[in-house]
Amino acid sequence: MKVLCVAEKPSIAKSISGILSSGGATSCRLDSTSMQRVSPHRYIRNYDFPYNLPPPLGPNHGDADITVTSVLGHLTSSDFAEQYRKWDNESDTSYTTKDLKQVERNLQQEARRADMLIIWTDCDREGEHIGSEIVNVCRQANRNIRVKRAKFSAIIAAQIHNACRNPVELDMRQADAVDVRISLDLRVGAAFTRLQTMGLQNRLPDLGQKVISYGPCQFPTLGFVVDQYERVQAFVPETFWYIYVEQQRPEGVIKFNWRRNHLFDMAAAIILYEQCVEQPEATVRSVVTKPATKWKPLPLTTVDLQKSGSRLLHMAPKKVLDIAEKLYQQGFLSYPRTETDQFDKDFDFNHLIQKQHVDPGWGAFAQGLTDGGFQRPRNGQKNDKAHPPIHPTAHAGTLQGDEKRVYEFVTRRFLACCSTNAEGKSTTVEIDIAGEYFSTAGLVIIARNYLEVYPYDKWSDSIVPDFAQGETFIPAVCEMREGQTSRPNLLTEADLVGLMDKNGIGTDATIAEHIAKIVEREYVVEKLDGRTKYLVPSTLGIGLVDGYNQIGFDRSLTKPHLRRETEHRMQLICDGLESKRDVLEASLTQYREVFIKAKRDFETLYNSVARSMGGRGIQAGDVARRPPPPGGRGNGGNGGNNDDDDGPPSDGGGDERPPGAPAPRANGKGKAGGKPTTAKATKTKAATAKTATAKKATKAKGKASAVEEPASHRVPNGSGGGPSSGSAMLQANGSAGASASTGAAMLCKCGDAAVHRTVVKEGANKGKGFWACAKAMTDATNCKFFITNRPTQRAKTSHDTDEANGPKRFCTCKQEALRWTVHKEGPNCGRAFYKCPKPQGEQCEFFEWEDEPKSESPAARRAPPPAKAGEGRFSGHSQGKPGAGDSKCYKCGRSGHWATNCDYANKVEERGKPSYIKSTSRRRRC
DNA sequence: GCAAGGTC
């Protein structure tokens with residue numbers, strides 16, 4: 001009995017022959033003169049050996065004669081019949097195939113002598129289809145041949161023997177589904193490609209003879225790039241505010257992050273800040289130390305390899321895959337096209353790790369794993385049941401250049417997977433200042449473990465704060481700071497690979513090709529910034545995407561929906577819920593409708609491309625061009641996961657368009673002009689912000705009190721929203737008032753969003769705004785949270801006022817005088833003055849109005865001695881007397897009494913609310 | 001001159 005086994009590729013044929021024959025197979029090629037058996041294709045081998053295949057499958061007596069061979073993937077490729085190949089012939093009709101003759105001839109030659117055919121293609125949808133192609137070819141030579149299908153998920157001896165002895169039937173549903181996919185892709189691709197090319201090529205000379213191809217994977221891929229580009233263009237930075245707290249410790253400066261992160265309502269932020277300023281003492285609520293773990297990476301899939309290759313090795317996804325393919329063929333790496341991120345339970349790790357002992361770079365680490373450091377890799381969620389995760393299969397010591405780098409990455413990743421998680425200890429300190437919570441955390445790494453061999457991950461120690469629960473202290477810095485949401489980045493190749501993978505565009509093996517294709521078509525230009533490659537749509541790419549979007553389809557040609565729908569229908573065929581014919585008809589009908597609409601409205605597409613390319617065809621009523629977007633470095637917001645070594649484009653406010661890329665387009669959301677977002681504000685900016693702050697506060701308050709709306713958390717467009725990343729000292733270049741009117745992240749004591757209300761009842765408070773718990777007053781769970789909108793012009797947030805207020809002033813006791821502002825209604829409201837910074841009872845007599853000439857006392861001209869830590873940085877409660885030449889009470893501005901006797905001020909103080917607020921950020925409790 | 005999916 002003769003059995004013909006056909007695998008999908010030569011490597012699998014070799015592997016399964018080796019297992020089934022226990023290494024005793026003979027590989028045959030034809031010598032044309034001797035007429036011995038032949039393998040007509042130079043890559044294909046035929047392996048012959050006897051095998052014990054028990055009945056009823058095998059012979060009743062003796063072994064079966066097995067021949068194992070392979071194809072090279074799909075056996076046929078599709079093309080249109082001759083009459084449909086002309087481009088002016090609409091081509092949504094039948095197609096024919098172009099055979100791979102040499103491969104086919106080999107199959108037929110072997111099939112003629114065989115009693116049974118066993119299909120050994122990969123166990124996925126495409127594999128079933130390739131199997132059906134093999135069956136078709138073999139039956140042409142031997143129509144009585146029995147056909148079976150071997151099911152296996154890994155090239156492991158037990159599985160291969162089991163698959164051979166217990167074959168199943170070919171799943172024709174899966175093969176049918178792929179048939180539909182092939183037919184649709186060809187027809188849709190050809191129809192739209194011809195429509196676009198013939199409709200645009202001759203009317204836009206700039207296009208030359210370019211083919212303007214359409215593909216159901218190409219266009220959604222292009223759509224991702226254009227979408228992100230437009231998000232970047234349309235981005236308008238939004239200003240937020242937060243309270244920044246800092247304390248000096250022997251270990252260094254400890255920075256605390258506000259639990260609210262930041263607020264988009266400045267008035268709300270000011271209110272909370274004022275509370276902190278008025279009661280600045282911090283109490284340590286908790287000090288929590290617990291183990292911290294940095295997880296070792298998951299086993300490597302193709303998509304991961306491409307993303308990492310792009311991010312860490314700075315190689316195009318296609319290049320990484322090409323190199324991995326080459327290393328696979330050389331026997332250094334396992335099969336590089338796999339979706340699997342879990343190793344089989346029988347996987348032989350030890351053998352493979354031992355092969356790495358000799359490497360000078362990671363050999364010692366590998367030795368450590370063998371000597372007891374090994375820990376089984378984590379299991380991911382994916383398993384294609386065909387191939388293991390990518391791993392090294394042999395040590396490669398002579399590689400150079402990019403091949404060496406790819407091999408090194410794969411090997412280090414594998415060893416890291418076989419190691420243990422990195423271990424550390426984190427300490428989190430939470431403090432309470434006037435009911436607001438702030439925290440800081442430190443980390444001590446105890447064992448680097450896998451990090452020793454995997455330098456691509458970063459994890460470093462940070463200062464561990466030394467605080468004790470219940471401890472109180474006055475922060476060295478307590479400031480309200482301003483930041484802005486960050487502009488998102490353009491897509492990197494790695495981002496795009498991730499998006500395509502997530503949306504089911506292409507397969508792990510073809511994703512890189514689709515990206516390369518849209519670059520080749522000049523829809524997208526790669527822009528290198530540092531070592532990171534960003535993708536920018538060209539004028540042509542944007543024109544096409546926008547043109548289709550303007551035409552408006554139920555399911556856009558530039559979005560993943562159509563492709564997903566095709567995938568879904570294919571699954572229906574696989575599940576036996578729909579027939580191949582019905583699905584093909586339904587899909588063709590759907591695409592035909594889209595095609596007819598595109599053809600009918602082609603002028604819209606043409607005009608879009610022409611306009612984008614700066615050419616002709618602009619219609620009246622078109623939106624105006626928008627000025628260039630604000631520049632600045634974005635630091636997130638696109639969902640992409642930039643690695644540590646990736647920097648965003650340093651456009652510095654410039655235009656990141658590539659040659660041939662479009663001018664920014666109108667979208668009605670643009671913000672004219674704009675300044676770069678700065679990560680750190682300078683003193684000058686901080687100082688000049690004072691006036692603007694007051695104005696904005698007033699504006700914010702006015703808007704907030706005009707409406708009643710629930711406060712809500714706002715998430716900035718950038719990832720750098722936190723004080724530590726998006727921080728800038730309060731500055732005047734924000735988008736004034738833009739966000740203050742749109743809700744605030746004020747939380748009540750329940751931890752829920754508070755609501756802002758305005759007093760409507762007649763009386764002294766009518767019109768005043770306040771924040772309160774959102775629950776009904778009658779609700780027993782109402783936390784009674786209540787904060788009024790208070791005058792905001794007194795809030796000052798800058799610490800060093802040199803630039804804004806002139807040179808520093810020094811009091812009689814040689815301390816840097818502190819600047820205060822009168823905010824009580826009266827003739828001096830708004831006036832700033834300076835006084836001794838010492839605590840109440842220790843202050844000297846120094847007093848100066850800011851708007852009056854400086855004292856010429858010698859003390860004021862001398863530089864002060866350096867202040868000790870925590871000394872001279874805070875003000876005491878203001879309690880001065882009218883300064884020289886000023887006969888008015890400085891608290892209320894009235895004449896005839898001293899401040900200590902000021903009734904108005906004393907009344908206020910009785911209520912526990914100081915009458916003025918210091919303008920520096922360093923405060924001591926009054 | 002068109003697609004996407006296998007493979008070398």
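Computation of the quantities below employed the complete heavy-atom set of this structure, encompassing side-chain atoms and omitting hydrogens, waters and symmetry-equivalent molecules. Below, read A as the first sequence line, B as the second, and so on, with proteins coming before strands; counting in each chain starts at 1.
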### Salt bridge A:Lys318-A:Asp322, side-chain N to carboxylate O under 4.0 Å
yes
### Query
Is any side-chain N or O of A:Thr507 closer than 4.0 Å to OP1 or OP2 of B:dG6?
yes
#### Entry: side-chain N/O A:Arg563 vs B:dG5 OP1/OP2, d < 4.0 Å
yes
### Task
Using a 4.0 Å heavy-atom cut-off across all strands, classify A:Phe219 as base, sugar-phosphate, or nothing.
nothing
### Task
Give a yes/no on whether any side-chain N or O of A:Ser213 is located under 4.0 angstrom from OP1 or OP2 of B:dA3.
yes
### Task
Report the residue (A:Glu520 or A:Val71) whose heavy-atom-nearest nucleotide on DNA chain B is the more 5′ of the two.
A:Glu520
### Task
Output yes when at least one side-chain N/O atom of A:Arg181 is less than 4.0 Å from OP1 or OP2 of B:dA3, else no.
no
### Task
Answer with base, sugar-phosphate or nothing: what part of the nucleic acid does A:Ser70 contact at a heavy-atom distance below 4.0 Å?
nothing
### Short side-chain N/O contact from A:His514 to OP1 or OP2 of B:dG5, under 4.0 Å
yes
### Message
Between the side chains of A:Arg569 and A:Asp582, is the shortest nitrogen-to-carboxylate-oxygen separation below 4.0 Å, so that they form an ion pair?
### Response
no
### Message
Tell me whether the side-chain N/O atoms of A:Thr510 come closer than 4.0 Å to OP1 or OP2 in B:dG5.
### Response
yes
## Note on the structure
d(A:Lys533 NZ, A:Glu493 CD) to nearest 0.5 Å is 4.5 Å
### Summary
Separation between OG (A:Ser308) and CZ (A:Phe409), nearest 0.5 Å, reads 3.5 Å
### Query
Phosphate oxygens OP1/OP2 of B:dA3: is one of them under 4.0 Å from a side-chain N or O of A:Gln218?
yes
### Query
Touch check for A:Gln196, heavy atoms < 4.0 angstrom, all strands: base, sugar-phosphate only, or nothing?
nothing
### Query
When we call it a touch if two heavy atoms are under 4.0 Å apart, what does A:Gly127 touch: a base, just sugar-phosphate, or nothing?
nothing
### Task
For A:Glu567 and for A:Pro10, locate the closest nucleotide of DNA chain B by heavy-atom distance; then report the residue assigned to the nucleotide nearer the 5' terminus.
A:Glu567
### Message
With a cut-off of less than 4.0 Å, is there a side-chain N or O of A:Arg125 near OP1 or OP2 of B:dG5?
### Response
no
### Query
If you look at every strand shown and take non-hydrogen atoms under 4.0 Å, does A:Phe192 touch a base, only sugar-phosphate, or nothing?
nothing
#### Entry: Verdict with supporting geometry, A:Gln218 and A:Ser213, side chain to side chain donor-acceptor pair (under 3.5 Å)
CA-CA 8 Å; A:Gln218 285 177 35; A:Ser213 67; 2.7 Å; yes
